[in-house]
Amino acid sequence: MSYAYPHMAVSAFLAATLMVGLWMGSGIKTMREYALANTVYGIGTLTVTFLATYIEAWNLIGFPSDIFTDGLTHLVPTVLCGVIFCLLVIGRYIAPRVKQFVNALTMGDLMEIFYGDYSRRLTGFLGLVYCTAATSIQILFLQHVCKLLYAESDWLLITFALIVVLYASWGGIKAVTLTDVLQFVVIVAGLALIAHIALYEAGGIPHILRSVPPEKLQLFDIGRDKAGEFGASYYSFPILIIWMLFPALPLSFPFIQRILMAPDGRKAAHMYYLSALFLVVFFLLLTTIGLAALVLYPQSTSSEIVLHFIEKLPDGAAKALIVTSLLAVIMSTIDSFLHAAGLSFTHDVLRPFLHQRVEGFNELRVVKYVTCLIGCLAIAVALMVRDIYTIAMYGMDLAGLLFTIPLIGGIMGLKTDSGDFFFSSLATLGCFCLSTVYLNEGLVIPCCILASAISFFGAHVVRNKGLAKVTILAGKGTSMPSIADETLTM
């Protein structure tokens with residue numbers, strides 16, 4: 001009977017999620033309701049859906065493994081840089097400014113305001129690439145759930161993914177938000193349980209701190225990679241800090257959508273502040289799991305220590321909750337990125353092209369079909385490529401490098417021009433192609449970030465003979481620069 005607990009829990013969770021998602025999707029009549037739920041949600045719900053999207057499978061599986069392998073040094077780039085600094089800066093300076101564009105539904109709408117119609121279409125295409133890649137990566141993590149259920153099958157993986165595709169495409173952001181709330185509750189319960197079991201079996205925090213090797217408790221291990229030597233690997237300390245400080249993820253398509261869902265700029269900022277606070281606690285719990293694993297399995301060579309720990313648990317109710325929690329982590333990220341992919345591609349690429357060419361064009365109907373097709377595409381990419389690093393590098397990382405700095409520049413009030421965006425995109429793309437061929441893989445991201453910043457701000461300074469800013473007229477949904485609004489600094 002205990003063997004059936006995980007299967008029963010997962011089946012019940014999937015059924016509940018599907019019913020809730022389909023129920024919330026009934027009665028949607030407008031694109032604004034499908035995309036932003038008419039901004040009806042309060043700060044609590046917004047924060048939960050933000051966190052459910054942000055907490056991905058790699059956080060739950062990979063971060064404790066990094067602590068197990070390298071020690072506390074990963075707290076600096078991930079928590080101090082990626083969470084505390086990055087999210088607080090966005091909450092303070094960026095999120096409230098986004099809410100000035102009251103008519104925007106997507107990042108593409110913002111980029112059209114800043115850089116023109118063709119930039120909107122390019123952004124919509126980048127949204128398709130970025131979010132489809134993110135969805136494919138999470139689908140690959142479903143393999144671990146299948147393994148924990150003793151049913152390693154591509155068909156089971158496809159079934160899990162199609163359930164998410166069904167409610168996310170049909171129900172829009174309302175379905176995504178409410179299922180995120182349900183999934184978040186399961187995530188918190190599962191994380192608390194696994195942390196409790198790990199700490200109990202390892203003898204408690206004082207015993208753990210006395211037992212782990214002292215070098216694992218060092219916060220700063222500058223320049224050292226997983227082999228303990230200085231290098232330009234993807235995991236060396238300086239490379240991780242640069243990548244975590246670059247706000248591509250927390251300003252990506254589903255998170256811009258969360259900002260636009262907020263009733264006002266103050267609530268958008270508070271969403272980031274509260275999320276940062278929770279994520280600090282979240283990563284500290286994952287840290288304790290990684291350190292506990294050092295005591296429990298000191299000779300283990302597993303690269304996924306959390307999965308190793310779960311496999312060791314007896315097939316009872318505790319394991320059922322933890323496996324369901326892992327599934328909830330994956331599903332809550334898939335639905336948000338999948339919805340953002342369909343919305344971006346439909347609203348920013350298809351609609352401008354088809355609206356005047358197809359009689360009776362119904363954007364709301366089209367976006368549902370497009371989202372479903374993108375979900376199937378993401379499943380196909382995951383099963384054909386089967387390599388998380390490749391999908392991340394040539395999907396998420398590349399697209400993030402292209403849109404992040406131009407997006408921040410426009411939001412912060414720089415006097416923008418389509419030439420700045422396209423020149424920066426071409427320079428960054430060229431740098432990416434060359435660096436992947438001629439440089440160590442760990443240097444690709446820092447070099448491309450530098451190329452994006454230099455090309456974007458360089459083009460802006462040359463065109464305007466200095467830094468030029470404009471005043472964004474709140475409530476108009478657009479920026480209206482004038483001579484009086486413009487300031488130049490040499």
Side-chain angles (χ1 to χ4, degrees), residues 46-47 49-63 66 74 76-91 93-95 98 106-107 110 123 126-138 141 176 180 234-235 239-260 268 271-276 278-280 282-283 286 329-330 332-341 344 378 388-389 391-408 411 428 432 444-446 448-449 452-453:
L46 289 173
T47 302
T49 188
F50 181 101
L51 289 167
T53 303
Y54 188 97
I55 298 172
E56 55 183 350
W58 179 248
N59 297 139
L60 189 61
I61 296 173
F63 187 77
D66 288 336
H74 279 276
V76 176
T78 302
V79 179
L80 183 61
C81 299
V83 173
I84 296 176
F85 179 83
C86 208
L87 295 190
L88 293 185
V89 168
I90 293 173
Y93 296 104
I94 297 178
V98 173
T106 63
M107 186 192 298
L110 297 177
T123 304
L126 292 176
L128 171 67
V129 173
Y130 186 95
C131 296
T132 302
T135 302
S136 296
I137 290 171
Q138 297 305 305
F141 277 109
V176 169
D180 278 356
Y234 202 76
Y235 292 97
I239 302 298
L240 279 175
I241 286 181
I242 293 171
W243 192 215
M244 290 299 179
L245 286 174
F246 189 66
L249 176 64
L251 281 178
S252 62
F253 297 85
F255 297 105
I256 288 293
Q257 190 179 6
R258 297 304 183 272
I259 297 174
L260 294 172
M271 176 179 68
Y272 275 86
Y273 298 153
L274 293 173
S275 296
F278 179 89
L279 287 170
V280 169
F282 170 77
F283 280 108
L286 293 181
V329 168
I330 298 170
S332 63
T333 304
I334 290 177
D335 60 17
S336 295
F337 278 95
L338 178 59
H339 177 257
S344 294
I388 291 173
Y389 175 81
I391 298 173
M393 175 63 78
Y394 296 97
M396 293 183 69
D397 292 354
L398 177 57
L401 289 165
L402 295 177
F403 70 74
T404 302
I405 289 179
L407 174 66
I408 294 173
I411 292 172
T428 306
F432 182 86
V444 173
I445 298 302
C448 290
I449 292 174
S452 179

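For the numbers below, each heavy atom of this structure counts, side chains included, while hydrogens, waters and symmetry mates do not. Start at 1 with the first residue, then count along the sequence.
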Engineer: Using modelled atom types only, decide if a donor and an acceptor are shared between the side chain of Tyr130 and the backbone of Ala341 within a distance under 3.5 Å.
Structural biologist: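 The answer is no, because no donor-acceptor pair under 3.5 Å joins these two groups.
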Engineer: If I compare all heavy atoms of Leu88 with all of Ala276, which pair ends up nearest, and what's the gap?
Structural biologist: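 So the two residues come closest at CD2-CB, 4.1 Å.
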Engineer: Can you confirm whether Ile259 sits close enough to Met271 that some side-chain heavy atom of one is under 4.5 Å from a side-chain heavy atom of the other?
Structural biologist: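 Answer yes - side chains close enough.
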Engineer: Not counting sequence neighbours, which residues clear side chain to side chain contact (heavy atoms under 4.5 Å, CB included) with Thr78? List them please.
Structural biologist: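 Per chain and number, Thr78 pairs via side chain to side chain contact (heavy atoms under 4.5 Å, CB included) with Phe63, Met244, Phe283.
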Engineer: Drop me the distance from Tyr54's OH to Leu279's CG, to the nearest 0.5 angstrom.
Structural biologist: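 Between atom OH of Tyr54 and atom CG of Leu279 there are 6.0 Å.
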Engineer: Taking all non-hydrogen atoms of both residues, which atom of Ile241 and which atom of Cys81 are closest, and how far apart?
Structural biologist: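 Closest approach of Ile241 to Cys81, heavy atoms only: CG2-SG, 4.0 Å.
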Engineer: If I compare all heavy atoms of Phe253 with all of Ser344, which pair ends up nearest, and what's the gap?
Structural biologist: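 Scanning both residues completely, I find the closest heavy atoms to be CD2-OG, 3.6 Å.
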Engineer: Which value, rounded to the nearest 0.5 Å, describes the distance between Phe403 atom CZ and Leu126 atom CG?
Structural biologist: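 That separation rounds to 7.5 Å.
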Engineer: Check side chain to side chain contact (heavy atoms under 4.5 Å, CB included) between Ile388 and all other residues, then give those that pass, not counting sequence neighbours.
Structural biologist: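 With neighbours one apart ignored, the set is Ile137, Leu140, Phe141.
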Engineer: As a quick check of understanding, evaluate side-chain contact (heavy atoms from CB on, under 4.5 Å) for Ile239 and Ile445, giving each step before the final call.
Structural biologist: CA-CA 8 Å; Ile239 302 298; Ile445 298 302; 5.8 Å; no
Engineer: Can you name the closest pair of heavy atoms from Tyr272 and Gly91 and give their distance?
Structural biologist: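 That would be CB-CA, 3.8 Å.
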Engineer: Suppose we screen for ring pair (Phe, Tyr, Trp, His ring centres under 6.0 Å). Which residues come up paired with Phe255, at least two apart in sequence or across chains?
Structural biologist: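 With neighbours one apart ignored, the set is Phe50.
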Engineer: Which pairs, with at least one residue in residues 247-259 and sequence neighbours excluded, count as a salt bridge (Lys or Arg N to Asp or Glu O under 4.0 Å)?
Structural biologist: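 Output for this query lists Asp180-Arg258.
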Engineer: Ignoring hydrogens, what is the shortest heavy-atom contact between Gly400 and Thr404? Give both atom names and the distance.
Structural biologist: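 That closest heavy-atom pairing would be O-OG1, 2.5 Å.
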Engineer: Of all residues at least two apart in sequence or in a different chain, which pass the side chain to side chain contact (heavy atoms under 4.5 Å, CB included) check with Val280?
Structural biologist: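 Val280 satisfies side chain to side chain contact (heavy atoms under 4.5 Å, CB included) with Val79, Val83, Ile84, Leu284 once adjacent residues are dropped.
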Engineer: Give, for atom OG1 of Thr49 and atom CG of Asp335, the distance between the pair rounded to the nearest 0.5 Å.
Structural biologist: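 Result: 7.5 Å between the selected atoms.
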Engineer: Please determine whether the number of non-hydrogen atoms from other residues, nucleotides or ligands lying under 6.0 Å from atom CZ of Phe85 exceeds 12.
Structural biologist: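 Open.
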Engineer: Hey, is the main chain of Cys448 close enough, under 3.5 Å, to the side chain of Ser452 for a donor-acceptor pair?
Structural biologist: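 Between the backbone of Cys448 and the side chain of Ser452 there is no qualifying donor-acceptor contact (under 3.5 Å).
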Engineer: Taking the side chain as every heavy atom from C-beta outward, state whether Pro247 and Ile90 have any atom pair closer than 4.5 Å.
Structural biologist: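 Yes, side chains in contact.
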Engineer: Looking at residues at least two apart in the chain, or sitting in another chain, which of them share a ring pair (Phe, Tyr, Trp, His ring centres under 6.0 Å) with Tyr394?
Structural biologist: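 With sequence neighbours excluded, Tyr394 shows a ring pair (Phe, Tyr, Trp, His ring centres under 6.0 Å) to Phe432, given in chain and number order.
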Engineer: Please answer whether the main-chain N or O of Leu249 pairs with a side-chain N or O of Ser252 as donor and acceptor at a distance below 3.5 Å.
Structural biologist: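 Checked: pair present.
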Engineer: Can you check side-chain contact (heavy atoms from CB on, under 4.5 Å) on Gln257 and His339, steps first, answer last?
Structural biologist: CA-CA 10 Å; Gln257 190 179 6; His339 177 257; 2.8 Å; yes
Engineer: Is Phe278 close to Ile55 at the side-chain level, that is, under 4.5 Å between some pair of heavy atoms?
Structural biologist: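 When only atoms from C-beta onward are counted, Phe278 and Ile55 do touch, with a gap below 4.5 Å.
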Engineer: So, taking the atom named CG in Leu274 and the one named OG1 in Thr47, what distance separates them when rounded to the nearest 0.5 Å?
Structural biologist: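 These two atoms lie 4.5 Å from each other.
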Engineer: OG1/Thr428 to CD1/Ile405 distance, rounded to the nearest 0.5 angstrom?
Structural biologist: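 Atom-to-atom, Thr428:OG1 and Ile405:CD1 are 7.0 Å apart.
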Engineer: Could you list the residues that satisfy side chain to side chain contact (heavy atoms under 4.5 Å, CB included) with Thr333, not counting sequence neighbours?
Structural biologist: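 Checked Thr333 against side chain to side chain contact (heavy atoms under 4.5 Å, CB included); matches are Glu56, Gln138, Phe337.
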Engineer: Quick one: does Ser332's side chain have a donor or acceptor within less than 3.5 Å of a partner on Thr53's backbone?
Structural biologist: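 Such a contact is absent between Ser332 side chain and Thr53 backbone.
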Engineer: Between SG of Cys131 and CG of Leu338, what distance do you get to the nearest 0.5 Å?
Structural biologist: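 If we round to the nearest 0.5 Å, Cys131:SG and Leu338:CG are 9.0 Å apart.
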Engineer: Quick one: side-chain hydrogen bond (donor to acceptor under 3.5 Å, both in side chains) partners of Thr106, sequence neighbours excluded?
Structural biologist: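 Listed in chain order: Asp348.
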Engineer: Which atom pair, heavy atoms only, marks the closest approach of Ala133 to Gly395?
Structural biologist: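 Residues Ala133 and Gly395, closest heavy atoms: CB-CA, 3.8 Å.
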Engineer: Between Ile449 and Leu401, does the side-chain contact (heavy atoms from CB on, under 4.5 Å) criterion hold? Intermediate values first, please.
Structural biologist: CA-CA 6 Å; Ile449 292 174; Leu401 289 165; 3.6 Å; yes
Engineer: Evaluate the criterion side-chain contact (heavy atoms from CB on, under 4.5 Å) for residue pair His74 and Leu240; output intermediate values, then yes/no.
Structural biologist: CA-CA 9 Å; His74 279 276; Leu240 279 175; 3.6 Å; yes
